[in-house]
Amino acid sequence: MIDFYWVPTANGQRAAIVLEETGERYRLHPVDLMRGEHLAPEYLAVNPVGKTPTIVDAETGATVYGTLAIGLYLCDKHGMLLGDSLAMRAAVYHWAGLVASDLGPAFTGQYIFNVMAPEHLEFPVRYFDEQVIRLLSALERRLTETPYLGGEVYSLADALAYPAAATSAARLPKGLEQFPALRGWQQTVAARPAVQRAMALQAEGVRVPA
Ligand SMILES: N[C@@H](CCC(=O)N[C@@H](CS)C(=O)NCC(=O)O)C(=O)O
């Protein structure tokens with residue numbers, strides 16, 4: 001059994017998709033960021049970084065924080081979604097890393113300066129808007145070459161990228177309008193039962209930044 005500390009943001013959805021894809025049994029622990037629960041002693045005892053998502057695996061004793069680390073840990077544990085050749089694993093690591101280390105933070109910056117900032121600051125707004133479009137364009141190019149980010153089959157890279165398309169990009173004024181390959185891929189991934197279960201998870205009583 002895994003204890004899953006999360007918020008239903010794109011990052012929480014990424015970890016939830018991998019939990020569902022790998023068939024892990026897990027218990028949900030919503031962490032209310034707007035009430036500061038991520039910085040409360042109870043949660044800092046689980047993850048001193050004070051951020052979500054985090055999993056605690058009772059079976060192995062492992063505590064793992066962050067979408068890429070959680071994804072790699074669960075796929076390694078179950079021997080799935082990483083690719084069965086070194087060439088495919090290289091592609092999976094490349095695209096999963098780009099999503100977790102570049103695209104996710106670019107969307108976070110874009111959200112902070114477009115939605116949360118008390119005043120409009122032209123430079124950071126433009127910087128993060130451009131980053132998001134540049135990175136989505138890289139995914140678009142890749143998906144005109146291969147059906148999935150890692151190659152011919154669905155992988156961890158797609159599981160981590162899906163919430164960027166379904167949740168984060170939905171905030172863009174034109175959504176994915178200029179990215180037809182991404183839109184087609186999004187529909188294919190959305191049809192997966194594990195993805196549907198993960199995206200339907202609700203954190204009872206927890207407000208999510210919108
Ligand atoms: N690199 C982390 C980022 C995690 C992250 O930014 N989590 C947000 C929620 S989506 C959080 O806990 N924010 C609280 C804070 O930064 O204080 C990942 O990939 O999961």
Side-chain angles (χ1 to χ4, degrees), residues 2-22 24 26 28-57 62-77 81-82 92-118 124 127-128 131-132 135-136 138-139 149 155-172 195 198-210:
I2 285 189
D3 286 295
F4 178 30
Y5 297 85
W6 84 310
V7 194
T9 56
N11 284 324
Q13 290 165 343
R14 291 185 172 100
I17 290 173
V18 187
L19 282 164
E20 287 289 346
E21 292 284 4
T22 53
E24 283 280 359
Y26 61 91
L28 276 179
H29 300 274
V31 179
D32 194 330
L33 302 182
M34 309 215 3
R35 289 202 185 99
E37 285 177 8
H38 55 308
L39 300 176
E42 295 79 8
Y43 184 64
L44 292 176
V46 175
N47 177 4
V49 179
K51 287 176 180 273
T52 63
T54 303
I55 60 168
V56 181
D57 188 345
T63 296
V64 188
Y65 154 69
T67 53
L68 183 60
I70 291 171
L72 288 171
Y73 169 77
L74 291 173
C75 292
D76 185 12
K77 180 179 172 189
L81 297 183
L82 293 178
V92 172
Y93 299 155
H94 174 91
W95 290 104
L98 179 136
V99 166
S101 309
D102 298 89
L103 184 58
F107 268 120
T108 301
Q110 201 246 6
Y111 177 77
I112 287 171
F113 287 103
N114 276 281
V115 181
M116 289 174 72
Y127 175 82
F128 284 110
Q131 285 286 312
V132 162
L135 294 162
L136 288 176
L139 266 63
L149 290 170
S155 74
L156 174 65
D158 304 290
L160 298 188
Y162 179 77
T167 302
S168 312
R171 286 199 309 264
L172 299 174
V195 171
M199 297 301 284
L201 289 177
Q202 301 288 334
E204 216 54 56
V206 168
R207 286 168 302 148
V208 178

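Values in this document were obtained by computation on a predicted structure and should not be read as measured data. Because only heavy atoms are used, hydrogens play no part in the values below, and waters and symmetry mates are left out as well, while side chains stay in. When a ligand or atom number is given, it counts from 1 through the structure's own listing order.
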Starting from atom 13 (N) of ligand 1, locate the nearest protein heavy atom and write down its residue, its atom name and how far away it is, to 0.1 Å. L33 CD1, 4.0 Å
Assess the pair H38 and Y43: is the distance between their ring centroids shorter than 6.0 Å? no
Under 4.0 Å from ligand 1, counting heavy atoms only, is it the side chain of T9, its backbone, both or neither? side chain
Please tell me if the side chains of L139 and L103 come closer than 4.5 Å, counting only heavy atoms from C-beta onward. yes
Within the structure provided, determine whether M199 and T167 are in side-chain contact (heavy-atom separation under 4.5 Å). yes
Closest approach of any protein heavy atom to atom 6 (O) of ligand 1, naming residue and atom: N11 ND2, 3.7 Å
Could you check which of V31, T52, N47, L160 puts a non-hydrogen atom nearest to atom 4 (C) of ligand 1? T52
Check ligand 1 against P53 and write out every atom of the ligand that is under 4.0 Å from a heavy-atom position of the residue. 20 (O)
Using side-chain heavy atoms (C-beta onward) and a distance below 4.5 Å, is L172 in contact with L136? yes
of all protein heavy atoms, closest to atom 16 (O) of ligand 1 is K51 NZ, 2.6 Å
Considering heavy atoms of the protein only, find what lies nearest to atom 14 (C) of ligand 1 and give residue, atom and distance to 0.1 Å. H38 CD2, 3.6 Å
Write down the atom of Q131, the atom of A106, and the distance for their closest heavy-atom approach. CB-CB, 3.9 Å
Strictly under 4.0 Å, does any heavy atom of L68 approach an atom of ligand 1? no
Distance-minimising heavy-atom pair for A100 and P105: O-CD, 3.3 Å
Identity and distance of the protein heavy atom lying nearest atom 19 (O) of ligand 1: T67 OG1, 2.7 Å
Suppose we measure from atom 1 (N) of ligand 1 to each protein heavy atom; which comes out shortest, and what is that distance? Y65 OH, 3.9 Å
I'd like to check Q110 versus V115 (side-chain heavy atoms, cut-off strictly below 4.5 Å). Are they in contact? no
Below 4.0 angstrom from a heavy atom of G66, which ligand 1 atoms are there? Numbered from 1 as shown, please. 18 (C), 20 (O)
Would you mind reporting whether I55 and Y26 have side-chain heavy atoms less than 4.5 Å apart? no
